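Below is one structure, written out as structure tokens, with a few remarks after it.
Count residues from 1 along the sequence. Here the structure is a predicted model, which is why all the values come from computation and not from measurement. Atoms within each ligand, like the ligands themselves, are counted from 1 in listed order.
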Amino acid sequence: MPRDQLETIQLQRLQTTVKRLRDKAPLMTERLDGIPDPSSLDDLRTFPFLRKSDLRDNYPFGLFTVERHELARIHASSGTSGKPTVVGYTREDLDIWHECVARCLRGAGIEPGWWLHNAYGYGLFTGGLGLHGGAEAAGIGVVPVSGGNTDRQLTLIEDFEPEAICCTPSYALTLAEHLANRGDGNSLKVGVLGAEPWTEEMRQSIEAALDVIAVNIYGLSEVIGPGVSCETADRQGLVIMEDHFLPEIVDPETGEPLPDGEVGVLVITSLTKQAFPILRYWTGDLCSITREPSPCGRTHARMSAIVGRADDMLVIRGVNVYPSQVEHTLLSIDGVSPHFQLVVRREGTLDTLTIRCERTDASSDADAIAKNIAGAMNSSLGIGVSVSIEEPGSVPRSEGGKLSRTKDERNL
Ligand code: DLL
């Protein structure tokens, strides 16, 4: 769709969403008081941000704009502390969500009639059921495995021969490692991986290890779940489902809009949601967007991979360090496997960062590799780090879900 036509639809839908919130969500009636209705998409910036804390403060259903009996489903994400955030869907919300995920899967090159091994967790987490519904909507067969039990996953992949898989990138690596130990090839052609940050270098490792095309799928439960955006098979950025979700990139400090191409916080407004519409939701995820048409012909805005979250950031001796920066540098060094963990400790008054990792070849010179890594980290991060080269299999693997690569022992 040409962008001017898309923007006309977006504005109409934005106006409907603002009205719905004013009429039906008491918190928003109060917050939006005195702010005129938007007459252009630029007027979006006159509205306040909605933050995760607003969801927690209104736990469980305070921001829903339908009655309880109109809800078809709820999901929830476990926060790091305290109450989970709860999100709700009407039947129509579910249909739109599934359509978005169906677009992701088809864009990734998955054909109707193929089978999708779905190793995202089923349950309150949106990954399993989101991908499940999308695959069914696209005519793709689903093997609803859920996360965990790696041996059973391998057997099912061997016996059922699915063409596609979806799981977190860290779990794709775990599966690849075990499949390699079994020594056979596999039937997989496409992996639809997301729910946690991963770098281009990690993509190359996964594609080589599993012999698949690996595409990046993004989403968050507060917005809908997986399927807010996804790469197509040509992997030229994550195409945002912009007829349903309006993206903005803003300065993390000031909240002011940033030009296309600059990295800032992704803020999303839902355009068609009924049960739980969101106006300017502050995702905390850092990325950039472009509105240039994609080489594949799509005109919707595309976002870069998430480079980090403000709350993933480690401050080591005053220097900001993102796990994805470490991943990028580490995986560009020869002889290092893609498994790593960052351990932060406080020694006296000084914070130290140790990178635990493994070599690919047990006969290689561990000291030389460690020195190489420390040197590369020093120039990319700007701080000295310790490097611990460990036996294969020592660094924690994903056991089915999201993998936290950071262990912060400073406050233990
Ligand atoms: O992780 C939804 C999802 C499921 C996405 C399956 C993709 C595949 P939440 O549990 O609410 O929802 O976590 C959302 O995960 O704000 C990001 O920080 C992170 N995240 C999700 N996808 C990606 C990605 C699901 N592709 C939070 N790259 C988001 C980097 C991602 N981070």
Examine the side chains of [X] and [Y] and answer whether a donor and an acceptor come within less than 3.5 Å of each other.
X: Ser388; Y: Glu390; result: yes
X: Thr85; Y: Glu222; result: no
X: Asp234; Y: Thr232; result: yes
X: Thr150; Y: Tyr171; result: yes

For [atom], closest protein heavy-atom neighbour:
atom: atom 11 (O) of ligand 1; value: Ser221 OG, 2.9 Å
atom: atom 31 (C) of ligand 1; value: Glu196 N, 3.6 Å
atom: atom 13 (O) of ligand 1; value: Lys402 NZ, 2.9 Å
atom: atom 2 (C) of ligand 1; value: Gly219 O, 3.4 Å

Which of these, [options], has its nearest heavy atom closest to [atom]?
atom: atom 19 (C) of ligand 1; options: Ala195, Gly130, Gly401, Gly121; answer: Ala195
atom: atom 16 (O) of ligand 1; options: Ile306, Asp285, Val101; answer: Asp285
atom: atom 30 (C) of ligand 1; options: Pro197, Pro226, Ser77; answer: Pro197

Distance filter under 4.0 Å to [X] heavy atoms, resulting ligand 1 atoms:
X: Thr126; result: 2 (C), 12 (O)
X: Gly127; result: 4 (C), 6 (C)
X: Ile217; result: 7 (C), 8 (C), 22 (N), 24 (C), 26 (N)
X: Gly194; result: 7 (C), 8 (C), 26 (N)
X: Asn216; result: 24 (C), 26 (N)
X: Arg309; result: 16 (O), 18 (O)

Crowding at CG, Asp37 (>12 non-hydrogen neighbours, <6.0 Å):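 Counting neighbours around CG of Asp37, more than 12 heavy atoms of other residues, nucleotides or ligands fall under 6.0 Å, so yes.
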query: CD of Glu92: more than 12 outside heavy atoms within 6.0 angstrom?
result: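 Open: at most 12 neighbouring heavy atoms sit under 6.0 Å from CD of Glu92.
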message: Test of understanding: given a 4.0 Å heavy-atom threshold, classify the contact between Leu220 and ligand 1 as side chain, backbone, both, or neither.
response: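 Answer for Leu220: both.
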message: Keeping Trp97 on the side-chain end and Pro226 on the backbone end, is there a donor-acceptor pair under 3.5 Å?
response: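 Yes, the answer is positive, given that a donor and an acceptor are paired below the 3.5 Å cut-off.
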task: Over all heavy atoms of both residues, which pair between Leu353 and Val321 is shortest? Give the atoms and the distance, please.
output: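 Answer, listing the atom of Leu353 first, then Val321: CD2-CG1, 4.4 Å.
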- request: Assign the ring pair His132 / Tyr122 to parallel, tilted or perpendicular, where the plane angle (0 to 90°) is split at 30° and 60°.
  value: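 The rings of His132 and Tyr122 stand perpendicular, inter-plane angle above 60°.
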